[in-house]
Amino acid sequence: VNVAAIYNQKDEEPDTHTPGEPVYVDGTKLYMHFGYEMSITLYFRQTLAQGVTVHWGDGESSVSGTGTGSTNLSLAHTFQAGDYVIRFEVAEGCILSLGQANTNYCVVGYVGSTNSTYVPAWNTLQKAEIDLRDTALLSSAFRMCLGLKEVIIGNGRSTAIPSYCFDYCQSLEQITLCDDISTIYE
């Protein structure tokens, strides 16, 4: 199985990644689009207290709380209409985990219901770049991210994509996987 190939749903000229070449990503980033003013909450975990700083892409930033390990964290922010790149700054020795394992929360919201409170956030995430050197993907990390079109997963310490990671990502057109990924769970 060539897990380094890029899947392109659009039957255009296929992009390819040469197996054996590293896929470099400079930090974990979420590319967001807001058609109107909206507040969203990011859901994640960290291995060190206050080990993650979220740069919201509008000049503001937030430092994560003191919870570590299996403690689920969340940070909220309000955006004006426009495009933003949310960047995660991860402290040395800390691992950022996107989503909240064993819950119904993906990185941008609750996915256990089609309650209209959460649905708009599912459409905001357009692209994700995941730096596996300091970021882990939890089960359902991007589940129900209906607007997600592109994902790049760079080299790092993880070798698997967890279950339901991209479940219901119906707009997903392209995924670039590093060669380190050898298992993709259903």
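Every heavy atom of this structure was used, including side-chain atoms; hydrogens, water molecules and symmetry mates were not.
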*Asks:* For the backbone of Asn123 and the side chain of Gln126, can you confirm whether one donor and one acceptor N or O come within less than 3.5 Å of each other?
*Replies:*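 Flag set: sc Gln126 to bb Asn123 pair under 3.5 Å.
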*Asks:* Do Leu96 and Ile181 land in one hydrophobic cluster if side-chain heavy atoms of ILVMFWY residues count as linked below 4.5 Å?
*Replies:*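 Per the 4.5 Å side-chain linkage, Leu96 and Ile181 are co-clustered.
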*Asks:* Shortest non-hydrogen contact from Cys106 to Ala141?
*Replies:*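 For Cys106 and Ala141, the tightest heavy-atom pair comes out as CB-O, 3.3 Å.
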*Asks:* Which atoms form the tightest heavy-atom contact between Gly51 and Ser64, and what is the distance?
*Replies:*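 Scanning both residues, the minimum pair turns out to be N-OG, 3.6 Å.
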*Asks:* With clusters defined by side-chain heavy atoms of hydrophobic residues (ILVMFWY) lying less than 4.5 Å apart, directly or transitively, does Met38 cluster with Leu42?
*Replies:*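 Leu42 clusters together with Met38.
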*Asks:* Looking only at heavy atoms, what is the nearest atom pair of Gly57 and Tyr84, with distance?
*Replies:*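 Between these two residues, the closest heavy atoms are O-CD2, 3.7 Å.
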*Asks:* Ile40 and Leu138: same hydrophobic cluster, using ILVMFWY side-chain contacts below 4.5 Å?
*Replies:*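 No, separate clusters.
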*Asks:* Once you round to the nearest 0.5 Å, how far does CZ of Arg157 lie from CG of Leu132?
*Replies:*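 The distance works out to 7.5 Å.
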*Asks:* Of Asp83, Leu125, Val85, which is the lone residue that meets side chain to side chain contact (heavy atoms under 4.5 Å, CB included) with Met32?
*Replies:*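 By the side chain to side chain contact (heavy atoms under 4.5 Å, CB included) criterion, Met32 pairs with just one of Asp83, Leu125, Val85: Leu125.
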*Asks:* Consider only side-chain heavy atoms of I, L, V, M, F, W and Y, link residues closer than 4.5 Å, and tell whether Leu172 and Leu137 are in one cluster.
*Replies:*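 Yes, same cluster.
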*Asks:* Within this structure, what is the CD-OG1 distance for the pair Glu89 and Thr28, rounded to the nearest 0.5 Å?
*Replies:*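 The OG1 atom of Thr28 is 12.0 Å from CD of Glu89, to the nearest 0.5 Å.
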*Asks:* Just by modelled atom types, is the Thr176 backbone N or O under 3.5 Å from a matching donor or acceptor in the Glu150 side chain?
*Replies:*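 Such a contact is absent between Glu150 side chain and Thr176 backbone.
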*Asks:* Taking the side chain as C-beta and beyond, is there a heavy-atom pair between Leu48 and Gln46 under 4.5 Å?
*Replies:*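 No, too far: nothing below the 4.5 Å cut-off.
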*Asks:* Are the side chains of Leu177 and Ile161 in contact, using a 4.5 Å heavy-atom criterion?
*Replies:*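 The answer is yes, as the side chains (C-beta and beyond) meet within the 4.5 Å cut-off.
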*Asks:* Any side-chain heavy atom of Val107 sitting closer than 4.5 Å to one from Phe142?
*Replies:*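 Result yes, sub-4.5 Å side-chain heavy-atom pair found.
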*Asks:* So do His77 and Ile86 actually touch side chain to side chain, heavy atoms under 4.5 Å?
*Replies:*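 Not touching, per the 4.5 Å side-chain cut-off.
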*Asks:* Strictly distance-based, threshold 3.5 Å: is any side-chain N or O of Ser171 a donor or acceptor partner for the main-chain N or O of Lys149?
*Replies:*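 Not a single qualifying donor-acceptor pair exists.
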*Asks:* Could you tell me whether a side-chain N or O of Arg133 sits under 3.5 Å from a main-chain N or O of Val25, the two making a donor and an acceptor?
*Replies:*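 Yes, the answer is positive, given that a donor and an acceptor are paired below the 3.5 Å cut-off.
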*Asks:* So, does Glu129 use its side chain to make a donor-acceptor pair with the main chain of Gly27 at under 3.5 Å?
*Replies:*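 Judged by distance alone, no pair lies under 3.5 Å.
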*Asks:* Look up atom OG1 in Thr41 and atom OH in Tyr105, then write down how far apart they are to the nearest 0.5 Å.
*Replies:*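 Result: 9.0 Å between the selected atoms.
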*Asks:* So which atom in Trp56 and which in Ala76 form the shortest heavy-atom distance, rounded to 0.1 Å?
*Replies:*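 In terms of heavy atoms, the two residues are closest at CZ2-O, 4.0 Å.
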*Asks:* So, do Val151 and Phe166 sit near enough that their side-chain heavy atoms are less than 4.5 Å apart?
*Replies:*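 A side-chain contact under 4.5 Å exists here.
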*Asks:* Should Phe88 and Asp134 count as side-chain neighbours, where that means a heavy-atom distance under 4.5 Å?
*Replies:*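 Phe88 vs Asp134: side chains apart.
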*Asks:* Nearest 0.5 angstrom please: Leu30 CG to Ile130 CD1, how far?
*Replies:*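 Nearest 0.5 Å value for the CG-CD1 distance: 6.5 Å.
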*Asks:* What closest approach, in Å, do Cys94 and Thr47 show between heavy atoms, and which atom pair accounts for it?
*Replies:*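 Scanning both residues completely, I find the closest heavy atoms to be CA-OG1, 3.3 Å.
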*Asks:* Are Tyr31 and Ile153 connected in the hydrophobic side-chain network, where two residues link if heavy atoms are under 4.5 Å apart?
*Replies:*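 They do not share one cluster, since no chain of ILVMFWY contacts under 4.5 Å joins Tyr31 to Ile153.
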*Asks:* Which distance, rounded to the nearest 0.5 Å, do you find between the CG of Asn104 and the OH of Tyr43?
*Replies:*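 With rounding to 0.5 Å, CG (Asn104) is 11.5 Å from OH (Tyr43).
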*Asks:* Does Asp180 use its side chain to pair, donor to acceptor, with the backbone of Ser158 at less than 3.5 Å?
*Replies:*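 Such a contact is absent between Asp180 side chain and Ser158 backbone.
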*Asks:* For Ser163 versus Ser139, what's the shortest heavy-atom pair and its separation?
*Replies:*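 Looking at all heavy atoms of both residues, the closest pair is O-OG, 2.9 Å.
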*Asks:* Evaluate whether atom CZ of Phe34 has more than 12 neighbouring non-hydrogen atoms of other residues, nucleotides or ligands under 6.0 angstrom away.
*Replies:*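 It does: Phe34 CZ has more than 12 such atoms within range.
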*Asks:* Please report the interatomic distance CZ(Arg45) to OG1(Thr71), rounded to the nearest 0.5 Å.
*Replies:*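 OG1 of Thr71 is found 7.5 Å from CZ of Arg45.
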